[in-house]
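Take a look at the structure below.
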Amino acid sequence: MAHTATPPPTAGGLTATEHRLSNGLRVVLSEDHLTPVAAVCLWYDVGSRHEVEGRTGLAHLFEHLMFQGSAQVKGNGHFELVQSAGGSLNGTTSFERTNYFETMPAHQLELALWLEADRMGSLLAALDEESMENQRDVVKNERRQRYDNVPYGTAFEKLTAMVYPEGHPYHHTPIGSMADLDAASLEDARDFFRTYYAPNNAVLAVVGDIDPEQTLAWVEKYFGSIPSHDAKRPPRDGTLPDVIGEEIKQVVREEVPSRALMAAYRLPHDGTREADAADLALTVLGGGESSRLHNRLVRRDRTAVTAGFGMLRLAGAPSMGWLDVKTSGDAEIADIERAVDEELARFAAEGPTPEEMERAQALLEREWLDRLATVGGRADELCRYAVLFGDPQLALTAVERVLQVTADEVREVAAARLRPDNRAVLVYEPTEATAPDTAADVADGATVSDTDDDQEAAQ
């Protein structure tokens, strides 16, 4: 077999080995016989940051096209074969990658590998105008349902465009614009596939109740003959100053249930100790009902019904901290802004308490454990660290790095980044004076959790 392997390090009982086929495909295996299931996850190193002006949304559109048939699997056959075998599947697109994944009964693993290899190697044989038009309409309808026709639906898109300036590779979100979706041609899609959907631009992770030797034999059998492609265009440079340099504010008047204050801050790149410190800072300030902002705005001042902070981790550009506050009753945005700035200034001066650090680290540790506890989550994390940081083993030790961050580091990153001159702000004002009857009415629409990885899923 044409592959090389790395020794299997361990972390908390979890192991992973890495192999490489002669065509450049990286393969990561993690054996786990706890349950009779296996997960297949395939990450392609292509996302919306690789797109060019006038063709935004092409990465997400192509994710949908990958479910429209290949040389041996016609139409909706990929879904039908996996689901009839007792498995589940999907695909998502983000700024920095596109992924496809199946979780199967262990004895059906070969089927999932064959399906992924068939569309990697032969999708162009089935890609035609009919499938292109079908999925173009699906994506446009998805944009209407998730962005254009829901309260606060375009907030993340607006803030992204404000934080990352015109011409920056992260200026637009993966969903793309209606005009660009209409402009995409069949030849654009074919060129996109040839450029990015090659084995040397992908990482395949297989996790679960597997026989590693047999799994590698199947991978070699189905993927080994797919030729590599060396004409990939690297993404444009995502470098930006650490601080925006001014507060950018926009007032949006729409039919929304209540006033809202949303803000985005530039934060350190993912994969750095500073990013871990920033994640802890946002967790203390806005992670859950025990956070500082929830206690101040919802419990004490009663000016908001929701108040949260989340982090969009990015490797190729500054990450983004996302503040989301929905007002209560007739509360004024100016009062909420003042309270937020007071809490941020106090945190920058004093930092987290020992109790807050312990809680925040425990929350992030639990999230990490939740992801690695499932075969699908572990496969995705192994792919993520392989594609974005070059080393899948980092997935198994990520929480150790978070637990090593000190309270002083958390305070320092908050003081440096969570400042009025480093944020883009959206103020939502309802077009009609409506008073929601319940907090649930107000909380509909875009929220912090919607932007955790800004990914768009296939239908």
Short side-chain to backbone donor-acceptor contact, [X] and [Y], under 3.5 Å:
| X | Y | result |
| --- | --- | --- |
| Arg378 | Ala39 | no |
| Asp45 | Val387 | no |
| Trp368 | Thr397 | no |
| Tyr44 | Tyr100 | no |
| Ser319 | Pro268 | yes |
| Asp180 | Thr56 | yes |
| Glu96 | Ala315 | yes |
| Asn200 | His229 | yes |
| Ser30 | Thr15 | yes |
| Arg401 | Leu394 | yes |

Heavy-atom check, side chain of [X] versus side chain of [Y], under 4.5 Å:
| X | Y | value |
| --- | --- | --- |
| His172 | Ser177 | no |
| Leu285 | Leu418 | yes |
| Pro430 | Arg259 | yes |
| Arg136 | His64 | no |
| Val410 | Glu356 | no |
| Thr35 | Asp209 | no |
| Leu204 | Glu116 | no |
| Pro174 | Thr92 | no |

If you measure from the Lys or Arg side-chain nitrogens to the Asp or Glu carboxylate oxygens, is any gap between [X] and [Y] under 4.0 Å?
| X | Y | answer |
| --- | --- | --- |
| Arg384 | Asp380 | no |
| Glu274 | Arg417 | no |
| Arg346 | Glu343 | yes |
| Asp276 | Arg273 | no |
| Asp301 | Arg296 | yes |
| Asp191 | Arg55 | no |

Taking all non-hydrogen atoms of both residues, which atom of [X] and which atom of [Y] are closest, and how far apart?
| X | Y | value |
| --- | --- | --- |
| Ala386 | Arg26 | O-NH1, 3.1 Å |
| Lys158 | Leu426 | CB-CD1, 3.8 Å |
| His168 | Gly238 | NE2-O, 2.9 Å |
| Gly208 | Val375 | CA-CG1, 3.7 Å |
| Asp270 | Ala275 | CA-CB, 4.0 Å |
| Lys326 | Ser258 | CB-OG, 4.3 Å |

### Task
Could you tell me whether the side chains of Ser185 and Arg190 share a donor-acceptor contact shorter than 3.5 Å?
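The answer is no; no qualifying pair exists.
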### Message
Looking only at side-chain N and O atoms, does Glu51 offer a donor or acceptor that is under 3.5 Å from a partner on His60?
### Response
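Distance-only check fails for His60 and Glu51.
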### Query
With ring centroids as reference points, do Phe62 and Tyr196 lie under 6.0 angstrom apart?
no
Within 6.0 angstrom of [X] [atom1], more than 12 heavy atoms from elsewhere:
| X | atom1 | answer |
| --- | --- | --- |
| Glu342 | CD | yes |
| Glu254 | CD | yes |
| Glu350 | CD | yes |

### Query
Which word best sums up how the rings of Phe67 and His78 line up, parallel for under 30°, tilted for 30 to 60°, or perpendicular for over 60°?
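Phe67 vs His78 ring planes: perpendicular.
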#### Entry: Verdict with supporting geometry, Thr406 and Met357, side-chain contact (heavy atoms from CB on, under 4.5 Å)
CA-CA 8 Å; Thr406 67; Met357 275 293 290; 5.8 Å; no
Straight-line distance of [X] [atom1] to [Y] [atom2], nearest 0.5 Å:
| X | Y | atom1 | atom2 | answer |
| --- | --- | --- | --- | --- |
| Leu42 | Leu25 | CG | CG | 7.0 Å |
| Leu58 | Leu181 | CG | CG | 9.0 Å |
| Asn149 | Arg143 | CG | CZ | 10.0 Å |
| Leu293 | Leu344 | CG | CG | 6.5 Å |
| Arg97 | Glu63 | CZ | CD | 8.5 Å |
| Thr195 | Arg233 | OG1 | CZ | 4.5 Å |

### Task
Starting from the C-alpha separation in whole Å, work towards a yes-or-no answer on side-chain contact (heavy atoms from CB on, under 4.5 Å) for Leu312 and Tyr170.
CA-CA 12 Å; Leu312 174 66; Tyr170 292 71; over 6 Å; no
### Task
Kindly indicate, with the supporting measurements, whether the criterion side-chain contact (heavy atoms from CB on, under 4.5 Å) is fulfilled by Leu61 and Met132.
CA-CA 9 Å; Leu61 173 62; Met132 182 80 174; 3.9 Å; yes
### Message
Show, in sequence, the C-alpha distance, side-chain angles and deciding distance for Leu14 and Leu372, and conclude whether the side-chain contact (heavy atoms from CB on, under 4.5 Å) test is met.
### Response
CA-CA 9 Å; Leu14 303 178; Leu372 266 62; 3.5 Å; yes
### Query
Can the positive tip of Arg119 be found less than 6.0 Å from the middle of the six-membered ring of Phe193, inside 45° of the ring normal?
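Cation-pi check for Arg119 and Phe193: fails.
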